[in-house]
There are 2 protein chains.
Amino acid sequence: MEHRELKQAGLRATGPRLKILDVLHESDDRHLSAEDIYRHLVEADEDVGLATVYRVLTQFEEAGLVRRHNFESGHSVFELNSPGHHDHMVCLETGDVVEFLSEDIERLQREIADAHGFELVDHSLVLYVRPRRNE
Amino acid sequence: MEHRELKQAGLRATGPRLKILDVLHESDDRHLSAEDIYRHLVEADEDVGLATVYRVLTQFEEAGLVRRHNFESGHSVFELNSPGHHDHMVCLETGDVVEFLSEDIERLQREIADAHGFELVDHSLVLYVRPRRNE
DNA sequence: ATGAATGCAAAAACTTTGCATGACG
DNA sequence: CGTCATGCAAAGTTTTTGCATTCAT
């Protein structure tokens, strides 16, 4: 029940918000741009404006429902904020996105921030890779 | 001699390119947006167009003279491609950028890419931090 | 009913491109 | 001199905003 998901996040359960959340849940691709989501909605004959998609995604981000990434330049992509944190590996040749998690790296990051007198709030780690040739 | 630096990179040593490279070398802040560089030039009464700044920075990036980052959304920032690689820590309260390097993290990244059947080509790691309160 | 959310269109922010002119080697 | 590079202005992208209308509670 996505209605509940929105209320718990402190947001009114409006039509556009429900539809956008649904696209995020149902899409094969976990990582979608605002334009991607807008296209899904138009194709499904849902009447939602692009401006609303941007506004709603920003609210979702503030509410912790989604995370925003800026992998390469140009535009942002959004993904549902799944309970488990993870980082991303992007294949430069195929565009595939693989999620991974390294507790060692997570710990090292906290230690490094700490050593510089800071507290780690968040981080962004993206590995750019290409298929390994079997030599 | 920045003239030489450009020739070695395979670029003609034109006025605008020398001036932009100079701004990158002389600026206190290592990380500058195209607009930042343009502003420096205008203040120094140098007659260089913003479009040229963008074109030259892109050429510099392709030639390996600078690196482009997309820390937050909206705009790119550029820094001279110093010989030693490093990652970045951005303070959310002051905007300060601190550079750091962890050989452990570098190694773990290669291992992770490898474990997924990929070869690590590049990566982006940014820690978002805030000043640690002394409790 | 009432304040919040939406759609549309216009604007803003950032970056790229077309074209005539000017500069490097 | 022949390109290649530049400046300017115009166009392209992505994202935000103003405002009248509609919707959720």
Side-chain angles (χ1 to χ4, degrees), chain A residues 1-23 31-63 65-78, chain B residues 1-23 31-63 65-78:
Chain A
M1 206 52 183
E2 281 154 0
H3 200 281
R4 190 154 234 73
E5 202 175 336
L6 288 174
K7 302 307 268 305
Q8 285 180 344
L11 296 170
R12 291 166 70 161
T14 68
R17 297 215 261 241
L18 286 165
K19 291 170 193 165
I20 291 169
L21 188 55
D22 191 56
V23 169
H31 305 84
L32 301 169
S33 68
E35 195 75 43
D36 289 336
I37 292 171
Y38 178 65
R39 204 174 320 114
H40 276 254
L41 293 170
V42 170
E43 281 167 12
D45 263 318
E46 300 289 3
D47 205 350
V48 177
L50 180 56
T52 299
V53 175
Y54 276 104
R55 272 188 293 236
V56 167
L57 285 171
T58 301
Q59 294 157 356
F60 281 7
E61 187 190 13
E62 287 163 354
L65 286 176
V66 305
R67 300 215 64 190
R68 180 195 300 253
H69 301 286
N70 302 289
F71 287 155
E72 18 231 301
S73 182
H75 62 290
S76 300
V77 299
F78 300 82
Chain B
M1 206 52 181
E2 281 154 359
H3 201 282
R4 191 154 234 75
E5 204 175 333
L6 288 174
K7 304 306 269 307
Q8 287 180 343
L11 295 170
R12 291 168 67 165
T14 68
R17 296 214 261 241
L18 285 165
K19 291 171 194 164
I20 291 169
L21 188 55
D22 191 56
V23 169
H31 305 85
L32 300 169
S33 68
E35 195 76 43
D36 289 335
I37 293 173
Y38 179 66
R39 205 174 318 114
H40 276 254
L41 293 170
V42 170
E43 281 167 12
D45 264 318
E46 301 287 4
D47 205 351
V48 177
L50 179 57
T52 299
V53 174
Y54 276 105
R55 272 188 293 235
V56 167
L57 286 171
T58 302
Q59 295 157 355
F60 281 7
E61 186 190 14
E62 286 164 354
L65 286 177
V66 305
R67 300 212 64 187
R68 181 195 299 253
H69 301 286
N70 302 288
F71 288 156
E72 24 229 298
S73 182
H75 64 291
S76 301
V77 299
F78 301 83

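Residue numbers start from 1 in every chain, and the chains themselves are labelled A, B, ... in the order their sequence lines are given, proteins ahead of strands.
Close to C:dT15, at under 4.0 Å from its OP1 or OP2, lies a side-chain N or O of B:Y54. The side chain of A:K7 places no N or O atom within less than 4.0 Å of a non-bridging phosphate oxygen (OP1 or OP2) of D:dA24. Here B:S33 does not reach the OP1 or OP2 of C:dC14: none of its side-chain N or O atoms lies under 4.0 Å away. For D:dC4, the OP1/OP2 oxygens have no side-chain nitrogen or oxygen of B:T14 closer than 4.0 Å.
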Please produce a list of atom pairs where a protein N or O lies less than 3.5 Å from an N or O of nucleotides 17-19 of chain D.
| residue | atom | partner | partner atom | Å |
| --- | --- | --- | --- | --- |
| D:dG18 | O6 | A:R55 | NH1 | 3.3 |

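Taking the nucleotide of DNA chain C with the nearest heavy atom to each of B:G15 and A:G15, the more 5' of the two is matched to A:G15. If B:L11 and B:T58 are placed on DNA chain C by their nearest nucleotide, the residue sitting closer to the 5' end is B:T58.
Within 4.0 Å (heavy atoms only), B:A13 reaches sugar-phosphate atoms of the nucleic acid but no base atom.
Taking atom CD on A:E46 and atom C1' on C:dG7, their separation rounds to 15 Å, with Å as the unit. When the P atom of D:dA10 is taken as reference, atom CG of B:L50 falls 15 Å away, rounded to whole Å. Residue B:Q59 contributes atom CD, which lies 13 Å from atom C1' of C:dT16 at whole-angstrom precision. Per the geometry, CD1 belonging to A:I37 stands 14 Å off P belonging to D:dT14, to the nearest Å. One interatomic measurement links the two molecules: OH of A:Y38 to C1' of D:dT16, which rounds to 16 Å at whole-angstrom precision. Taking atom CG on B:D36 and atom P on C:dA13, their separation rounds to 15 Å, with Å as the unit. In this structure, the CG atom of A:N70 is 13 Å from the P atom of D:dT14, given to the nearest Å. Taking atom CG on A:L18 and atom P on C:dA4, their separation rounds to 19 Å, with Å as the unit.
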field: Worked verdict on B:L65 versus B:L6 for side chain to side chain contact (heavy atoms under 4.5 Å, CB included)
entry: CA-CA 9 Å; B:L65 286 177; B:L6 288 174; 4.0 Å; yes
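Proximity of a side-chain donor or acceptor of A:R68 to a complementary backbone N or O of A:S76 within less than 3.5 Å is not detected. Side chain of B:D36 to backbone of B:S33: a donor-acceptor contact under 3.5 angstrom is found.
A:R12 contributes a side-chain N or O that forms a donor-acceptor pair with the base of D:dA24 under 3.5 Å.
One finds the CD atom of B:E5 at 10.5 Å from the CG atom of B:D22 (value rounded to the nearest 0.5 Å).
Looking at A:T52 and A:R55, their side chains come closer than 4.5 Å, going by heavy atoms from C-beta outward. Using a 4.5 Å heavy-atom cutoff, the side chains of B:L32 and B:Y38 are not in contact. Counting heavy atoms from C-beta on, the side chains of A:E35 and A:L50 come closer than 4.5 Å.
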